[in-house]
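Along the sequence shown, residues are numbered consecutively beginning with 1.
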Amino acid sequence: MTSVVTAGGISVTIRGVVVDESETLLERLVSDGVPGSLTSGNAKLWGPDAAPLAARRLGWLGLPETSRSLADLLAEPAGEARAAGLDRIVLAGAGGSALAAEAMFRTAFRSAEGAAELIVLDTTDPHEVSGVLAGDLHRTVVVVSGESIETESLRRVFGRAFSKAGLGGAELARRFVVVAGQDSALGRAAGEVGHHLVPAEPDVDGRYGALGARALVPAALAGVDVDVLLDDAARLLAALRQPYDNPALALGAVLGASALGTRDKLVIADHGSGLDGFAGWAEQLVGGALGKDGKGLLPVVVEGVDAPGFELADDLRRVILGRRQDEPGPGREAGVSVAGPLGAQFLLWEYAAAVAARVLGVDPFDEPDVGESQESTAALLRSEEGTAPTVVSRPPELVSGAVEVHGAAPQAQDALRGAQTLTEAMDAILEGVPDGGYLAVLAYLDRHGDAAAAGLRPLLAARAAKVRRRPAPVTFGWGPRYLHTVGQYHKGGPQNGAFLQVTGAVTGDVPVPGRPYSLGELQLAQAFGDLRVVRSLGRPSFRLHLRDRAEGLAQLAEALA
């Protein structure tokens, strides 16, 4: 059985038993008047407790139209940048907006030559930041978006770097474009020092802000035609009010039915969609919007439809980004395929996540568990424990070449089952993943210089199927990026996760001007702060520390082969 819902340039294809499961829920959503209520901005859709926050977070529904004014606001800084040869845009940001901007740039220029450069820095890894600082600062503009500790630290680091490069006064001021609320601390500070300020929408948060200023400003400065994105999204707007022939409502029903039932893991694979980087943005939206109050839908981004972890399983709902023509065999469930242009896809998934949140009975806009890791990090930075020498001097349970294996004493040795080799340790960690649960790999490394770390996900997924004789979903996230994306799900969703952090030796640290810590110390404090919270929830958790990053990653790949 196959159902295809098409409108506004978007096509959602639902195959197999998913059709029956979602159609029952779809009828209920229609009878409850959800399409009209959502598009009219009814903040009570998610219950009375959620209404006050929802009333301040529904501006994303109008962004396909309201964001068009950004073109005028950006005309001056974009013109100045082009005239001065400033074609290297560095985004110091975090969360959904940063991922959206990266997806816009990568999708627009995946095969083009001569485009401006957009570098997204949502990290505190000193190796990654040093690599960007080593580039041509005389061609660089830094877009500062948001007020996270990472963003503030990077603003300070780049300010000093520009000064050392001989930039000062008005020239230094114009190297920063700040996207923030005009009345926010960041917005006021930007005005005081002469940075160009682009006002951020007061009624849009980063998770739902793909078509807002925080994402569009850096993308536009890097040469992305944001009008095309907004045009594509606007074509879908009319369909969002419809009870039927509404692909966003159909997708929302699928997500909601999956989370309510036994298929509470959403495995996402790209299959020729042409939307480079979009899966990562969808991951942060689904995980953060739905993962709370012990409920949720775990997003699992895999490398492709043939990747380990995309096989059929009882607790998985499979989603393909792109079109797939093959039909399922008898009794098999093929899941969902979603196709369409990037601007419309942003709006489609935001709407669908909001609908699924109503089905689950959670507030799609709050982040009740994100603050715990931030507070834990701040506490570590205020204490001696937050310094790198004290943290890494704790004895590991196992040392194998360049890899240290750390666990939570005194249970670590029991959990590792007396492992004597790295392979045995990894097998013990996989065997400790709860039934019906998942393993999250969280790498506090350089996502360019240590890109091989991402290859641990498919290796662990394949190894899990062999060791456990049953699959276990394995997710991968870069730290501290995941703290602002699926970190909410890890702490607030169903408590069935196991966690494997990966940290690495720092061979060249970067001081943070005006702060008593370096980027390396901040990075380690963020890793340990989150690990503390996870362990306080009683979840299985381990840390692999790479004494040599390249050698350690090669060892891990060999141990998992």
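- Taken to the nearest 0.5 Å, the CG atom of L216 stands 5.0 Å off from the OG atom of S67.
- In this structure a side-chain-to-backbone donor-acceptor pair under 3.5 Å is missing from R543 to Q501.
- Annotation: side chain of V302 is in contact with side chain of V267 (closest heavy-atom distance under 4.5 Å).
- Of the possible polar contacts, none joining the S376 side chain to the E372 backbone as a donor-acceptor pair under 3.5 Å is found.
- Without hydrogens or angle criteria, K295 side chain to L260 main chain gives no donor-acceptor distance under 3.5 Å.
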Item to complete: Let me see the working for D205 and R214 under salt bridge (Lys or Arg N to Asp or Glu O under 4.0 Å), right down to the final yes or no.
Response: CA-CA 9 Å; D205 65 4; R214 291 182 178 88; over 6 Å; no

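- Put simply, the side chain of W60 gets close to the backbone of R57: a donor and an acceptor are under 3.5 Å apart.
- With S518 contributing its side chain and V510 its backbone, the two residues share no donor-acceptor pair below 3.5 Å.
- H127 pairs with exactly one of D450, T507, D446 by the side-chain hydrogen bond (donor to acceptor under 3.5 Å, both in side chains) rule, that one being T507.
- In summary, D276 and R106 engage in a salt bridge, as defined by a charged side-chain N under 4.0 Å from a carboxylate O.
- The shortest heavy-atom contact between R549 and L546 is O-CD1, 3.8 Å.
- When all heavy atoms are compared, the tightest approach of E201 to A213 is OE2-N, 2.9 Å.
- Between R457 and E303 there is a salt bridge, with a side-chain nitrogen of the basic residue lying less than 4.0 Å from a carboxylate oxygen of the acidic one.
- Summarising the geometry of L442 relative to D530, their closest heavy-atom pair is CD1-OD2, 4.5 Å, with the distance given to 0.1 Å.
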Discussion item. Does T475 form a side chain to side chain contact (heavy atoms under 4.5 Å, CB included) with L298? I'd like the steps, not just the answer.
Written reply: CA-CA 9 Å; T475 71; L298 173 71; 4.2 Å; yes

Worksheet entry | Verdict with supporting geometry, L229 and D225, side chain to side chain contact (heavy atoms under 4.5 Å, CB included) | CA-CA 7 Å; L229 293 164; D225 189 341; over 6 Å; no

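- Ion pairing between a basic and an acidic side chain is recognised when a charged N comes within 4.0 Å of a carboxylate O; K292 and D366 show such pairing.
- The closest side-chain heavy-atom distance from R207 to E367 is below 4.5 Å.
- Between the side chain of K491 and the backbone N or O of V533 there is no donor-acceptor pair closer than 3.5 Å.
- Checked against V338 for a side-chain contact (heavy atoms from CB on, under 4.5 Å), the options L275, V254, L348, I320 give a single hit: L348.
- Under the salt bridge (charged side-chain N to carboxylate O under 4.0 Å, His left out) rule, R481 has a single partner from E150, E128, E102, which is E102.
- Shortest non-hydrogen contact noted between Q284 and T485 is CB-CB, 3.3 Å.
- For the residue pair A282 and W349, the shortest heavy atom distance occurs at CB-CE3, 4.3 Å.
- Judged by a 6.0 Å distance limit and a 45° cone about the ring axis, R175 is not positioned over the six-membered ring of F158.
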Item to complete: Determine, stepwise, if the pair D315 / R263 fulfils salt bridge (Lys or Arg N to Asp or Glu O under 4.0 Å).
Response: CA-CA 4 Å; D315 59 345; R263 298 181 184 274; over 6 Å; no

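- Relative ring orientation between F109 and F105 is described as tilted, the plane-to-plane angle lying within the 30° to 60° band.
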Practice prompt. Given side chain to side chain contact (heavy atoms under 4.5 Å, CB included), test V90 with V132 step by step and report yes or no.
Written response: CA-CA 8 Å; V90 175; V132 178; 3.9 Å; yes

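- Residues F542 and F499 keep their aromatic ring centres 6.0 Å or farther apart.
- If you take CG on D122 and CG on L154, they are separated by 9.0 Å, rounding to the nearest 0.5 Å.
- Taking 4.5 Å as the limit, some side-chain heavy atom of E283 sits within range of a side-chain heavy atom of V486.
- Taking CD1 from I268 and OG from S273, the interatomic distance works out to 11.5 Å, rounded to the nearest 0.5 Å.
- Of all heavy-atom pairs spanning G296 and P494, the tightest one is N-CD, 4.0 Å.
- Between L522 and L381, some side-chain heavy-atom pair lies under the 4.5 Å cut-off.
- For T151 (side chain) and E147 (main-chain N/O), no donor-acceptor pair under 3.5 Å exists by modelled atom type.
- Side-chain contact between L544 and T503 is absent, with no heavy atoms from C-beta onward closer than 4.5 Å.
- Between the side chain of Y438 and the main chain of A498, no donor-acceptor pair closer than 3.5 Å is present.
- Aromatic ring pairs are classed by plane angle as parallel below 30°, tilted from 30° to 60° and perpendicular above 60°; the pair F176 and H195 is tilted.
- Panel note: side chain Q488, backbone G291; a donor-acceptor pair is recorded below 3.5 Å.
- In this structure, V157 and L133 have side chains that are in contact, with non-hydrogen atoms separated by less than 4.5 Å.
- Side-chain contact between L500 and L460 is present, with heavy atoms from C-beta onward closer than 4.5 Å.
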Item to complete: Decide yes or no on side chain to side chain contact (heavy atoms under 4.5 Å, CB included) for L360 and L290, but give the supporting numbers first.
Response: CA-CA 8 Å; L360 279 181; L290 305 182; 4.1 Å; yes

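- Ionic pairing of E152 and R156 is present here: one or more N-O contacts between side-chain nitrogen and carboxylate oxygen are shorter than 4.0 angstrom.
- Note that the CG atom of L524 and the CD atom of E521 stand 8.5 Å from one another [nearest 0.5 Å].
- Residues R317 and K265 form no side-chain contact, since every pair of their non-hydrogen atoms from C-beta on lies 4.5 Å or further apart.
- With R88 contributing its side chain and I119 its backbone, the two residues share no donor-acceptor pair below 3.5 Å.
- Atom-to-atom distance recorded for L439:CG and L430:CG is 6.0 Å, nearest 0.5 angstrom.
- Between Y444 and Y482, the distance from one ring center to the other falls under 6.0 angstrom.
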